[in-house]
Protein chains: 4
Amino acid sequence: MAPYNEDQLLAIRDERREQILGAALGVFARHGPALTKMSMISQAAGISHGLLYHYFKSKDELFIALVSEAMLGAGDAVEEMLEHPGSIIDKLRHFLHDAMSVETRLLFLLIHQARTSHGVPEQVREIIKDYSLGWFAARLKPLFLQGQRTGEIASDDADQLIEGLLTAVSGSMLLHASDEHNIPLMNPDHLLRLVLAPDHIQPL
Amino acid sequence: MAPYNEDQLLAIRDERREQILGAALGVFARHGPALTKMSMISQAAGISHGLLYHYFKSKDELFIALVSEAMLGAGDAVEEMLEHPGSIIDKLRHFLHDAMSVETRLLFLLIHQARTSHGVPEQVREIIKDYSLGWFAARLKPLFLQGQRTGEIASDDADQLIEGLLTAVSGSMLLHASDEHNIPLMNPDHLLRLVLAPDHIQPL
Amino acid sequence: MAPYNEDQLLAIRDERREQILGAALGVFARHGPALTKMSMISQAAGISHGLLYHYFKSKDELFIALVSEAMLGAGDAVEEMLEHPGSIIDKLRHFLHDAMSVETRLLFLLIHQARTSHGVPEQVREIIKDYSLGWFAARLKPLFLQGQRTGEIASDDADQLIEGLLTAVSGSMLLHASDEHNIPLMNPDHLLRLVLAPDHIQPL
Amino acid sequence: MAPYNEDQLLAIRDERREQILGAALGVFARHGPALTKMSMISQAAGISHGLLYHYFKSKDELFIALVSEAMLGAGDAVEEMLEHPGSIIDKLRHFLHDAMSVETRLLFLLIHQARTSHGVPEQVREIIKDYSLGWFAARLKPLFLQGQRTGEIASDDADQLIEGLLTAVSGSMLLHASDEHNIPLMNPDHLLRLVLAPDHIQPL
DNA sequence: TATGAATGAGCATTCATTCAT
DNA sequence: CATGAATGAATGCTCATTCAT
């Protein structure tokens with residue numbers, strides 16, 4: 001008889017919103033914005049397509065909301081790595097594990113879609129403009145230079161090492177995700193060989 | 001206005017067909033079958049969209065024809081590598097260069113699209129069922145085992161080494177292609193570090 | 001929180017009903033039934049759209065209720081005019097002023113919408129079937145005939161004079177309402193020239 | 001066997017375009033842009049809705065094209081009137097006849113819709129910004145001043161006379177058009193009484 | 001009584017495909 | 001062989017209406 005009180009409404013809205021964002025993340029990350037149909041999202045979220053539009057005005061807005069959230073988490077991963085205890089190799093290994101974890105991979109894919117898909121809203125381009133391999137590379141560089149001084153990291157051009165590592169990591173996640181998981185993710189320790197000094201290479 | 005004789009017609013047909021396939025390869029490889037519009041292909045080929053349907057019954061059929069052709073060339077690359085003169089490292093370096101060349105990359109991307117896009121005709125799945133990293137891996141394995149005997153290749157599990165190398169190569173090509181070439185292809189010598197024995201690693 | 005007693009409930013019901021009808025009149029009159037969204041009405045009435053459906057089963061029913069009420073008032077205007085003291089010209093001038101007053105205009109517009117909009121419920125057509133310029137014309141005719149005898153009204157065909165006058169009045173209100181009030185209402189004295197005998201025409 | 005030649009294609013395109021514009025004029029003028037469904041137009045034109053989009057990119061573009069064409073003819077009517085031979089009354093009578101002719105009425109209605117409908121594309125507002133009763137009034141004024149000198153036109157404020165006349169004309173057309181022709185157009189000679197000097201008024 | 005979450009029919013638009021010439 | 005007009009299925013989005021609370 002009585003309408004929901006404010007708390008109940010807020011709870012419902014929050015729950016639905018998360019439900020939708022969660023469903024949308026999976027679909028957008030896998031199919032890209034253009035191939036993602038609103039019906040896929042509504043079906044994945046278990047709601048009607050009409051309800052989608054109560055929570056997000058358009059497909060674009062939903063995509064934007066998702067990318068914005070993903071971006072917030074992007075920086076944290078690097079910070080966390082830098083603060084991780086242990087040797088430089090330990091930090092890197094932790095970073096790779098973290099980057100390749102299930103949750104992070106979806107976010108990575110989403111951002112990849114945002115960067116590479118055609119017809120993405122301008123606002124999304126704005127948001128991710130600064131997010132690129134280069135952005136990560138800049139943050140990893142001090143660590144690599146230090147690693148080269150300690151002899152843990154190969155003594156080649158640090159930029160090239162970093163770029164290669166990040167490319168390989170990203171590429172592996174991309175392949176893994178896009179190929180319905182038939183292609184396994186690369187072993188982080190294997191990836192590390194791209195940057196380790198030869199005498200620090202360990203058996204896999 | 002004058003009617004063509006049979007030979008001329010045949011020549012035209014063949015030429016047009018190649019023209020279409022060439023145009024379609026570029027478009028399909030970059031955008032994937034679902035996002036590729038027939039108008040993109042006809043425009044790239046410089047013909048009317050109507051003519052497309054004289055040569056290929058449907059978008060699916062065109063895609064299938066393209067994938068079939070790509071498959072034919074796929075095996076050759078490996079054979080050529082195995083026959084390439086020089087050390088095992090030389091063979092591998094040559095393979096990587098070849099795989100990452102402009103022409104080969106398009107074929108790789110096309111097949112990747114065929115494997116990973118949703119809504120791809122069943123027939124395409126049939127054709128590429130056997131083509132996978134595993135297929136290449138099997139052909140590379142003897143070379144790797146030999147390389148381990150000669151000490152050129154790291155002494156870890158050969159399957160894992162191969163899979164990692166192929167993943168990194170493929171991932172790099174995929175990233176490079178999808179990100180409007182803002183992400184450079186990985187340096188083949190850098191990639192080789194994934195599989196070389198530590199004491200065969202050279203400065204980049 | 002305390003339950004209302006029956007009288008209070010009835011009072012609330014009546015008040016809300018009037019509130020809704022008042023809001024709906026303005027919106028329907030301006031936009032017509034098809035372009036009127038239930039959300040416009042609920043917003044104008046300051047209530048939730050859900051509540052609208054407690055009082056009126058559907059948009060159609062609300063529109064029907066409104067038109068019915070408008071019809072009730074329609075006849076009064078003419079009666080009042082006929083009983084207005086003064087000369088025939090005074091009666092007509094009073095009628096025009098009354099017809100073009102703010103409140104009456106909304107009713108006029110509503111009925112016009114009801115008559116002219118497509119997709120209006122059959123029931124509405126039923127209700128307003130008899131309400132037309134012809135209906136007014138019939139009631140004005142005795143007055144005009146009398147005016148012709150007194151020499152106040154031009155001696156042309158009375159039906160034609162009446163129809164012209166009503167058309168011009170209605171048209172002016174319609175233009176005024178539809179064009180965001182950029183087109184002013186016609187001056188009643190100016191309109192009267194359509195029916196006055198030449199020697200009764202006064203400067204504007 | 002041979003494709004259409006250029007002339008044939010041009011003929012087809014022109015014919016279809018006119019067919020569509022003609023159908024769209026009727027529908028837009030009567031229902032307004034918001035209530036006009038593309039299916040109404042395609043049905044009225046006897047073509048598929050898909051074909052509509054070969055000729056006009058969107059509903060808005062079609063509406064814009066239509067309004068643009070209508071505007072071109074708008075000025076001509078006035079010019080023609082001013083050049084019409086005969087007395088000032090003759091000129092005005094000719095103008096009214098012309099303005100109220102079948103073809104002109106549709107254009108008038110279309111422009112009215114363009115001016116008064118909500119959600120009309122900005123470009124349309126641009127185009128018709130200057131077209132208003134005021135625009136016509138300015139062009140009619142010299143004629144009225146002259147008519148007042150010759151004694152044909154009533155000696156009231158010319159602006160008020162013109163505005164009243166145009167309002168009555170427009171209103172009549174609007175009523176006539178919107179009410180499925182149940183309300184007859186006003187008699188031009190009757191309308192003239194709004195502006196004639198009393199001693200120039202003729203029996204209807 | 002009152003609220004707003006939830007549903008689904010309807011419309012604008014895109015694009016693969018057909019067909020007359 | 002070659003062209004582009006023509007069709008219609010599919011998809012994003014709006015909005016009237018229902019319903020749990």
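In the text below, chain A, chain B and the rest are named by the order of the sequence lines, each starting its count at 1. Just so it is clear, the values below take in all heavy atoms, side chains as well, and ignore hydrogens, waters and symmetry mates.
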message: Keeping B/K129 on the side-chain end and B/V124 on the backbone end, is there a donor-acceptor pair under 3.5 Å?
response: no
- prompt: What integer distance in Å separates A/L35:CG from E/dC15:C1'?
  reply: 14 Å
field: C/Y53 side chain, from C-beta outward: closest of F/dA6, F/dT18, E/dT1
entry: F/dT18
Residue mapping more 5' on DNA chain E - nearest nucleotide basis, D/Q8 or D/A34: D/A34
query: Heavy-atom distance under 4.5 Å between the side chains of C/P33 and C/V120, does that happen here?
result: yes
- request: Return the nearest nucleotide to the side chain of A/S48; candidates are E/dA5, E/dT7, F/dC1.
  value: E/dT7
query: Between the side chain of A/H31 and the main-chain N/O of A/V27, is any donor-acceptor distance below 3.5 Å?
result: yes
message: Atom CD of residue position A/Q43 - does it have more than 12 heavy atoms of other residues, nucleotides or ligands inside 6.0 Å?
response: no
statement: Taken to the nearest whole Å, CG/D/D7 to P/E/dT21 is 17 Å
- prompt: Does any N or O in the side chain of D/Q8 come within less than 3.5 Å of the main-chain N or O of D/N5, such that one atom is a donor and the other an acceptor?
  reply: yes
query: Hey, mind stepping through D/S117 and D/Q113 against side chain to side chain donor-acceptor pair (under 3.5 Å) and telling me if it holds?
result: CA-CA 5 Å; D/S117 300; D/Q113 297 284 9; 3.3 Å; yes
Rounded distance in Å - CG (D/N5) to P (F/dG4): 12 Å
- prompt: Under 3.5 Å, is there an N or O donor on one side and an acceptor on the other linking the side chain of D/H54 and the base of F/dA5?
  reply: no
- prompt: Heavy atom of residues 22-32 of chain C under 4.0 Å from DNA chain F: which residues?
  reply: none
- request: With the side chain of D/K37 defined as its heavy atoms from C-beta on, choose the nearest nucleotide among F/dC1, E/dA12, F/dT17.
  value: E/dA12
statement: Sorted by chain and residue number, the salt bridge (charged side-chain N to carboxylate O under 4.0 Å, His left out) partners of A/D179 (sequence neighbours excluded) come out as B/R115
- prompt: Any side-chain heavy-atom pair from B/F56 and B/L21 closer than 4.5 angstrom?
  reply: yes
message: Rounded to whole Å, please give me the gap between CZ in D/F56 and C1' in E/dT14.
response: 18 Å
Length of the CD-P vector between B/Q19 and F/dC1, whole Å: 14 Å
- request: Provide, to the nearest angstrom, the distance between the NZ atom belonging to C/K57 and the P atom belonging to F/dC19.
  value: 14 Å
task: Check whether any side-chain nitrogen or oxygen of A/R13 sits under 4.0 Å from OP1 or OP2 of E/dG4, and answer yes or no.
output: no
- request: Could you check how far CG of C/L51 sits from P of E/dA5, rounded to whole Å?
  value: 16 Å
statement: Per nearest nucleotide of DNA chain F, the residue lying toward the 5' end, A/M38 or B/G46, is B/G46
statement: Residue pair C/D60/A/T36 against DNA chain F: nearer the 5' end by closest nucleotide is A/T36
task: Output the single nucleotide from F/dT17, E/dA12, E/dG4 whose closest atom is nearest the side chain of A/L9.
output: E/dG4
- prompt: How does DNA chain E read in dot-bracket, base by base from 5' to 3', with Watson-Crick or G-U pairs under 3.5 Å and | used when the partner is on another strand?
  reply: .||||||||||||||||||||
message: Counting the atoms with a prime plus P, OP1 and OP2 as sugar-phosphate, which does A/L52 contact under 4.0 Å by heavy atoms, base, sugar-phosphate, or nothing?
response: nothing
- request: Give a yes/no answer on whether the side chain of B/R16 brings an N or O atom under 4.0 Å of OP1 or OP2 in F/dC1.
  value: no
message: Are there over 12 heavy-atom neighbours, none belonging to A/E69, within less than 6.0 Å of that residue's CD?
response: yes
query: So, does the side chain of B/H49 form a donor-acceptor pair with the base of F/dA5 at under 3.5 Å?
result: yes
- prompt: In whole Å, what is the span from the OH atom of C/Y55 to the P atom of F/dT18?
  reply: 17 Å
query: Under 4.5 Å between any side-chain heavy atoms of C/E61 and C/Y53, yes or no?
result: no
